[in-house]
Engineer: 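One structure, pasted below without further comment.
Since this is a predicted model, take the numbers as computed values, not measurements.
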Amino acid sequence: MPLSVCLIVKDEEAVVSRCLNCVQKFADEIIVVDTGSADKTVEEVKKFTDKVYFYEWNDNFADARNYAFEKATGDFVMWLDADDVVPDEDCIKIKQLMEKADFDMAFLPYISGSEEGIKTFVYYRERIFRRSGNYKFRGAVHEAVTPQGNIVYSDAEIWHKKLKAGNSLRNLNILQKRIAHGICLNEREKFYYGRELLSNSMYREAIAVLEDFLRGNGWIENKIEACINLYGAYTAIGDNDGALNALLKSFTLAEPRSEACCILGWHFFEQNDVNCAIYWYQRALSNKIDLQKGGFVNLDYCAFIPNIQLCVLYDKLGDYVTANAYNEEAGKVKPHDKNYLINKQYFQNILGKEV
């Protein structure tokens, strides 16, 4: 089935060709909507497609993406950001997915954080849609499409690879303008507004918004994430009891997530309660990763962090064999990490060169 890949761009000359080099391997049509570039973005885009359109920016990402979708003519439409990259093997997977195309909506894993090519932060995003379904993005920032129809999950990965930091205040300013104009934020927007406040070190404001969000009927995965965000906000203002209560509240919503378990492990580690710390780090390791739930997954908390911390804890107990074993598990995840390598040399000195 013909696939139209749609991008909205602004001042992306440094990365857009990298993205479109990938896109041309699986797209039947490339649609690019420019929202006001002052650099050579449009010139770069025209090397790949003549379907370039211009959209007057109105502080609403959903509107711009929907405009791009309106220009598409393929049976299916797909969205990407200019700083996204699709590895060759995943380009092939997308082509294979479209050969069958027995779905209305396809979710693909989004690798939004990585370290030396190792995935660290991943979650599924709605990515490809049957055009006749008239799917629409909603949300001025952190825009999304409501899942509906026949949904499939593909393992074709999209990697988000920024070359430069964005404007940290952009999304916050957009949301605050909406509030100033009397627009009531929905539950999803409240969640992201709280996160934007937190990322800009407006801790007390973030606490107020995220606590209000938790009292509403928002999506359970966002509520779990909000509890973890609240832990960070309360910690930042020195309210350790509030931080711990927020973290534990996530346990009342669903099975404890690995990130929350690791944070609790660190809590006991700081209190020098080695056995409790070991319990929670081991609990983090035992959790099953279910990306199809749609929540954010920081993979460091699922493997590397608990293993490296268990190494430290068993070393404290004088159990060097077990400590070394956990260090080696951490090394399987990040073989070039300096902490792993320092530990490896340490255990070689204690246990012998065979380690």
Engineer: If the condition is salt bridge (Lys or Arg N to Asp or Glu O under 4.0 Å), which residues does Glu43 pass it with, not counting sequence neighbours?
Structural biologist: none
Engineer: Keeping to residues at least two apart or across chains, list the salt bridge (Lys or Arg N to Asp or Glu O under 4.0 Å) pairs with something in residues 1-28.
Structural biologist: Lys25-Asp88
Engineer: Donor-acceptor pair, Thr49 side chain versus Ile30 backbone, under 3.5 Å?
Structural biologist: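 Yes; judged by distance alone, with no hydrogens or angles, the pair exists.
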Engineer: Please report the C-alpha distance between Asp83 and Lys164 in whole Å, then the side-chain angles of each, then the deciding distance to 0.1 Å, and finally whether the salt bridge (charged side-chain N to carboxylate O under 4.0 Å, His left out) criterion is met.
Structural biologist: CA-CA 10 Å; Asp83 46 9; Lys164 60 182 180 180; over 6 Å; no
Engineer: Using the six-membered ring of Phe213, assess whether NZ or CZ of Lys190 lies under 6.0 Å from its centre and within 45 degrees of the ring axis.
Structural biologist: no
Engineer: Same cluster for Val52 and Val33 if Ile/Leu/Val/Met/Phe/Trp/Tyr side chains link at under 4.5 Å?
Structural biologist: no
Engineer: Measuring from Asn66:CG to Lys136:NZ, what's the distance to the nearest 0.5 Å?
Structural biologist: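 Rounded to the nearest 0.5 Å, the CG-NZ separation comes out at 5.0 Å.
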Engineer: For Tyr123 and Leu291: C-alpha separation, side-chain torsions, deciding distance, then whether side chain to side chain contact (heavy atoms under 4.5 Å, CB included) applies.
Structural biologist: CA-CA 6 Å; Tyr123 54 99; Leu291 292 176; 5.7 Å; no
Engineer: Can you tell me if NZ on Lys119 sees more than 12 non-hydrogen neighbours from other groups inside 6.0 Å?
Structural biologist: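 Check fails, neighbour count at 12 or below.
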Engineer: Would you call Arg65 and Asp81 a salt bridge, taking side-chain N to carboxylate O under 4.0 Å as the test?
Structural biologist: yes
Engineer: For the side chain of Asp212 and the backbone of Ala208, is there at least one donor-acceptor N/O pair under 3.5 Å apart?
Structural biologist: no
Engineer: Could I get the full list of side chain to side chain donor-acceptor pair (under 3.5 Å) partners for Thr73, not counting sequence neighbours?
Structural biologist: Glu29
Engineer: Using the six-membered ring of Trp219, assess whether NZ or CZ of Arg188 lies under 6.0 Å from its centre and within 45 degrees of the ring axis.
Structural biologist: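 No - Arg188 does not lie over the ring of Trp219 by the 6.0 Å and 45° rule.
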Engineer: Would you call Lys344 and Glu328 a salt bridge, using N to O less than 4.0 angstrom?
Structural biologist: yes
Engineer: Classify the angle between the aromatic ring planes of Tyr320 and Phe347 as parallel (below 30°), tilted (30 to 60°) or perpendicular (above 60°).
Structural biologist: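 Aromatic pair Tyr320/Phe347 classed tilted.
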Engineer: Could you tell me whether the side chain of Val5 reaches within less than 4.5 Å of the side chain of Ile31, counting heavy atoms only?
Structural biologist: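 Sidechains of Val5 and Ile31: no contact.
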Engineer: When you check the gap from the basic side-chain N to the acidic O, do Lys177 and Asp59 get nearer than 4.0 Å?
Structural biologist: yes
Engineer: Looking at Glu270, I'd like to know if its CD atom is crowded, meaning that more than 12 non-hydrogen atoms belonging to other residues, nucleotides or ligands lie closer than 6.0 Å.
Structural biologist: yes
Engineer: Could you state the interatomic distance from CG (Asp84) to CH2 (Trp159), rounded to the nearest 0.5 Å?
Structural biologist: 12.5 Å
Engineer: Hey, does the Lys NZ or Arg CZ of Lys95 hover above the aromatic six-ring of Phe26, less than 6.0 Å from the centre and inside 45° of the axis?
Structural biologist: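 Not flagged: Lys95 not positioned over aromatic ring of Phe26.
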Engineer: Looking at OH of Tyr281 and CD of Gln309, how far apart are the two atoms once the value is rounded to the nearest 0.5 Å?
Structural biologist: 4.0 Å
Engineer: Tell me, do Thr252 and Lys249 make a side-chain contact under 4.5 Å, heavy atoms counted?
Structural biologist: yes
Engineer: Does Glu255 pair with Arg283 as a salt bridge, N-O distance under 4.0 Å?
Structural biologist: yes
Engineer: Would you say that Val85 contacts Cys19 through its side chain, given a criterion of any heavy-atom pair below 4.5 Å between the two side chains?
Structural biologist: no
Engineer: Once side chain to side chain donor-acceptor pair (under 3.5 Å) is applied, do any residues pair with Asn298, and if so which ones, sequence neighbours excluded?
Structural biologist: none
Engineer: Mind running side chain to side chain contact (heavy atoms under 4.5 Å, CB included) on Lys316 and Ile278 for me, showing each step along the way?
Structural biologist: CA-CA 11 Å; Lys316 278 180 171 288; Ile278 286 174; over 6 Å; no
Engineer: How far apart are the C-alpha atoms of Ile228 and Ile263, what are their side-chain angles, what is the distance that settles it, and do they pass the side chain to side chain contact (heavy atoms under 4.5 Å, CB included) test?
Structural biologist: CA-CA 9 Å; Ile228 295 172; Ile263 294 171; 4.0 Å; yes
Engineer: Can you label the angle between the Phe61 ring and the Trp57 ring as parallel, tilted or perpendicular, going by 30° and 60°?
Structural biologist: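 Perpendicular.
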Engineer: Check whether any side-chain N or O of Ser258 sits under 3.5 Å from a backbone N or O of Ala284 as a donor-acceptor pair, and report yes or no.
Structural biologist: yes
Engineer: Would you check if there is a donor-acceptor pair between the side chains of Ser17 and Glu44 at a distance under 3.5 Å?
Structural biologist: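 Ser17 and Glu44 do have a side-chain donor-acceptor pair below 3.5 Å.
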Engineer: Is the backbone N or O of Gly216 less than 3.5 Å from a side-chain atom of Lys223, with the two atoms forming a donor-acceptor pair by type?
Structural biologist: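 Here the side-chain-to-backbone pair exists.
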Engineer: Ion pair present between Arg131 and Asp75, side-chain N to carboxylate O less than 4.0 angstrom?
Structural biologist: no
Engineer: Nearest 0.5 angstrom please: Leu230 CG to Ser250 OG, how far?
Structural biologist: 10.5 Å
Engineer: Please list, chain by chain and in numerical order, all residues satisfying side chain to side chain contact (heavy atoms under 4.5 Å, CB included) with Val209, sequence neighbours excluded.
Structural biologist: Tyr193, Leu197
Engineer: Salt bridge between Arg195 and Glu225, side-chain N to carboxylate O under 4.0 Å?
Structural biologist: yes
Engineer: With a 4.5 Å cut-off on side-chain heavy atoms, are Asn343 and Asn324 touching?
Structural biologist: no
Engineer: Atom OH in Tyr153, atom CE in Met105: separation rounded to 0.5 Å?
Structural biologist: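 The CE atom of Met105 is 8.5 Å from OH of Tyr153, to the nearest 0.5 Å.
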Engineer: Start with the C-alpha gap between Asn327 and Ile308, add the side-chain angles, then the distance that decides, and say whether side chain to side chain contact (heavy atoms under 4.5 Å, CB included) holds.
Structural biologist: CA-CA 6 Å; Asn327 189 59; Ile308 209 76; 3.4 Å; yes
Engineer: Please identify each residue that fulfils side chain to side chain donor-acceptor pair (under 3.5 Å) with Ser37, with sequence neighbours left out.
Structural biologist: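 Scan of Ser37 (side chain to side chain donor-acceptor pair (under 3.5 Å), adjacent residues dropped) gives Asp34.
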Engineer: Tell me if the NZ atom of Lys46 is crowded by more than 12 foreign heavy atoms within 6.0 Å.
Structural biologist: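 No.
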Engineer: Any side-chain heavy atom of Asn21 within less than 4.5 Å of one from Phe48?
Structural biologist: yes
Engineer: Taking the six-membered ring for Trp, are His142 and Tyr192 parallel (under 30°), tilted (30 to 60°) or perpendicular (over 60°)?
Structural biologist: parallel
Engineer: Compare all side-chain heavy atoms of Pro87 with those of Asp90 and state whether any distance is below 4.5 angstrom.
Structural biologist: yes
Engineer: Can a side-chain donor-acceptor contact be found between Asn349 and Gln345 if the only test is distance below 3.5 angstrom?
Structural biologist: yes
Engineer: In the structure I gave you, are the side-chain heavy atoms of Met98 and Ile128 within less than 4.5 Å of one another anywhere?
Structural biologist: yes
Engineer: Would you compute the distance between atom CD of Gln282 and atom CG of Leu313 and round it to the nearest 0.5 angstrom?
Structural biologist: 9.5 Å
Engineer: Could you walk me through whether Asp315 and Tyr346 satisfy the side-chain hydrogen bond (donor to acceptor under 3.5 Å, both in side chains) test, starting with their C-alpha distance in whole Å, then the side-chain angles of each, then the deciding distance to 0.1 Å, before giving a yes or no?
Structural biologist: CA-CA 11 Å; Asp315 179 72; Tyr346 168 75; 2.8 Å; yes
Engineer: Begin from the C-alpha positions of Tyr110 and Tyr124 and carry the test ring pair (Phe, Tyr, Trp, His ring centres under 6.0 Å) through to its verdict.
Structural biologist: CA-CA 6 Å; Tyr110 199 25; Tyr124 264 96; over 10 Å; no
Engineer: Donor-acceptor pair, distance only, cut-off 3.5 Å: does the side chain of Glu126 make one with the backbone of Val145?
Structural biologist: yes
Engineer: In the structure I gave you, are the side-chain heavy atoms of Val312 and Phe269 within less than 4.5 Å of one another anywhere?
Structural biologist: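 Side-chain contact under 4.5 Å: yes.
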Engineer: The test is side-chain hydrogen bond (donor to acceptor under 3.5 Å, both in side chains); show your working for Asn150 and Asp102 and say whether it passes.
Structural biologist: CA-CA 8 Å; Asn150 180 25; Asp102 57 349; 5.5 Å; no
Engineer: Please identify which of these residues, Phe69, Phe76, Trp79, meets the ring pair (Phe, Tyr, Trp, His ring centres under 6.0 Å) condition with Phe129.
Structural biologist: Phe69
